[in-house]
Amino acid sequence: MKLDLILRIGVKFLLPFVLLFALYVQFHGELGPGGGFQAGVITAGMVILYAIMFGVEAAKRIAPQRLVEVMVPLGVLIYAGTGVAGLLLGKNFLDYSVLAHDPPHGRELGIFLVELGVLITVSGTMTALFYAFSERGR
Amino acid sequence: MRFDVVQHLPALQVVIPLLGAVLAAFLRRGIVAWGLASVVTGLMPLIAGGLLWQVLQAGPISYHLGGWPPPWGIEYRVDVLNAFVLLLVSAVSAVMMPFARRSVAFEIEGDKQASFYSMYLLCLTGLLGITITGDAFNAFVFLEISSLSTYVLIAMGRDRRALLAAYQYLIMGTIGATFYVIGVGLLYLVTGSLNMVDIASRLGPASAEHFRPIVVALAFLTVGVSLKLALFPLHVWLPNAYAFAPSFATAFLAATATKVAVYLFIRIFFSIFGIAVSLESLRVCDVLLALSVAAMFIASVLAVYEQNLKRMLAYSSVAQIGYITFGIGLANQNGLTGGAVHLFNHALMKGALFLALGAVLYRAGTVKLAELGGIGRRMPLTFAAFVIAGLGIIGTPGTAGFISKWYLALGALDQGRWPLVFLIVASSLIALVYIGRVVEVAYFRATSEAAEKASDPPWNMLVPILVLAVATVYFGFFTELSAGIAAKAAQTLIGGLK
């Protein structure tokens, strides 16, 4: 099936900007609205948009099933690992102040890592859900 | 600064199973995931035991997550009551773990076993988290973690009806969680705090001005948590969920999940509201007593007419939860001791019973009573354990069940309500009927086709069943650890009441 040319080119044109916006939301989360969860949803939205236009098989070439399945626990591992790092450095669980040379920078790094974990898990979960639904009835 | 294990025990209690759950999700092979889950679960009672010991020596422990002091940061707060529940949940899970390997391998497809263990560890994380946290909203988060993983555990049952049961529980559980968070939201509006200790201290002064929202918050919290603990008549999700879930999941959930919900209930009633407003004046205790008595009778009668043994035990669980809430409703020293000790004893007994049924399913392939004639002669040790735990459920002297009912009866007598004592005894007689019915079929009927090929399960399934059955008898005689600590916890809770 040949899809409409404008749609195909338009979507391909949009994809990098969607990803860029996701990264903006991710890194701007500490200053404005946003954060790992929202960025993760937008990232997964990019994959889903691509899958709707070019088919699930094509989407699985850019985001393979196995990778997506690994991303789900990986993000939680990064989050929990960041918490444990504080624990091992002699502070309480989730205390990030010891992660860098002074407490404010340590907390900044800690939140960055935690949000990164959230991004990975949320985008992985959303994509995995989409794949699971798209495989039904095949 | 150096890492000091003892100081960080409260965090480790939750963090280790969380890491275990995440690592298990990376694994492919069921046996490796089982090994990981066993190691993690095995560590839990050591940590919980350490915490209980510390609390008994030096009083409540407060652990500040992220180093932020309460009430701003999340506080893990361990006192006698929740150290007791932590030890119960983690010890029962640890005893059950050897059983899981064969049972899970038998009932769940190979490629899903690793995710089963991942979900089990996540559920354990949630349950321990609810118990240890001192923050009302954090408790909600852990409630959701344990609930979501429970839905998955139930849906993994062999029977396709497991999906429907899981969906039914999903709907009911979500309503419960929503009600809980509405209640917490109202408390936050009135007091401006989410820390339980802080809420309790601010609620009293606030109650003069904002009495109505406080009552509404109590109502929402009560109904929300009651859904989770399956208080009659909010129990309808439980029989199907327990009947169709994999055997190990049923035993684990029956022994731990409802108990943790009961703990949260006690916490809300006595540590938050009881301190601030008079529970007597709100008449919640009377409602609770009425519902508990209804559960004790109606659920027990339903159990008598049930043909599927797993469902029968599930109805029995609803009835037994009735005894626990009965103790809470009495709201006096002996009554609350009885409720708390029954929480402990029932976990042991119901754990043994459900594990025994898991062994029956493993060997005979069915848990329908009609198809199990003579099974007791074929699986002598399994059914010996079943009968002992069953006697505990009835409340026979010499078993743990008697201890709980003794305290409940004392609690009722302390209030001069002797008819309630009669009701406890009368409802126990119904338990005699439904347990006796199984004994009659298992020992005195002709050996059925399914029973013919059955025999006692391998030792790694048998040992957990026997350990729990022996514990049922042990705690019927030596009550230092069960009733002794429950009484200490009750004393603290009752002492704080207004």
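All values reported here derive from a predicted model rather than from experimental measurement. Lettering of chains follows the sequences in order, A, B, ..., and the numbering in each one begins at 1.
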remark   = Applying side-chain contact (heavy atoms from CB on, under 4.5 Å) to A/L109 and not counting sequence neighbours gives A/L99, A/L113
key: Contacting region of A/V84 [heavy-atom separation from chain B under 4.5 Å]   = side chain
request  = Would you mind reporting whether B/Y63 and A/F93 have side-chain heavy atoms less than 4.5 Å apart?
outcome  = yes
ask   = Would B/I74 and A/L94 satisfy side chain to side chain contact (heavy atoms under 4.5 Å, CB included), going step by step from the backbone distance to the final call?
value = CA-CA 11 Å; B/I74 292 172; A/L94 290 177; over 6 Å; no
message = At under 4.5 Å between heavy atoms, what parts of residues 17-56 of chain B are in contact with chain A? List them by residue number.
response = B/L18, B/L19, B/V22, B/L23, B/A25, B/F26, B/R28
Neighbour count >12 (heavy atoms, 6.0 Å) for atom OH, A/Y79 = no
task = With a 4.5 Å heavy-atom cut-off (strictly below), which parts of residues 139-153 of chain B touch chain A? List them by number.
result = none
key: Check: A/N92 side chain, B/H64 main-chain N or O, donor-acceptor pair, under 3.5 Å   = yes
message = Could you work out, with side-chain hydrogen bond (donor to acceptor under 3.5 Å, both in side chains) as the rule, every residue matching B/Q13, not counting sequence neighbours?
response = none
